[in-house]
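Reviewing the structure listed below.
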Amino acid sequence: MKNRKKQTAAMLRSKMVDFKQFAITLLCVGSFFYIGTILPTGDKAMIDTYVYMGATIMFLGISIVFFSLSKKYKKIWPKWMTMTLYNNRSKP
């Protein structure tokens with residue numbers, strides 16, 4: 001039982017870190033699409049601008065979702081850690 005709780009706490013922490021890394025990566029990719037939108041080029045059609053802005057908004061939205069999931073796991077993780085530490089103490 002103790003090992004299972006430690007595994008669950010470790011899994012929650014790894015999910016929290018992974019979701020934050022995914023969100024930061026998507027935020028960077030979205031910013032590159034935004035830079036592609038604002039940089040002037042001579043032969044850029046209006047459809048290109050709309051596609052770049054759509055991609056920017058999509059990546060920003062997905063990034064927000066991953067940040068919120070990371071925040072959710074960040075709130076849950078300390079509870080699991082205290083439960084694991086509390087249950088690991090020796091009983092008299």
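These figures come from a predicted structure and were not determined experimentally.
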- Message: Within this structure, what is the NZ-CG distance for the pair K72 and L12, rounded to the nearest 0.5 Å?
- Response: 9.5 Å
Report, one line per pair, each donor and acceptor closer than 3.5 Å where one atom sits in a side chain of residues 45-52; sequence neighbours left out.
none

- Treating Ile, Leu, Val, Met, Phe, Trp and Tyr as nodes and any side-chain heavy-atom pair under 4.5 angstrom as an edge, say whether I76 and F66 lie in one connected cluster. yes
- Message: Between M58 and L60, is there shared hydrophobic-cluster membership here, with clusters defined by ILVMFWY side-chain heavy atoms closer than 4.5 Å?
- Response: no
- Could you state the interatomic distance from CE (M16) to CE (M11), rounded to the nearest 0.5 Å? 12.5 Å
- Item | Partner residues of F59 under the ring pair (Phe, Tyr, Trp, His ring centres under 6.0 Å) criterion, sequence neighbours left out | F33
- Could you pull out all residues at least two apart from S63 that satisfy side chain to side chain contact (heavy atoms under 4.5 Å, CB included)? A23, L26, L27, F67
- Query: Does one hydrophobic cluster hold both Y34 and I64, with members joined at side-chain heavy-atom distances below 4.5 Å?
  - Reply: no
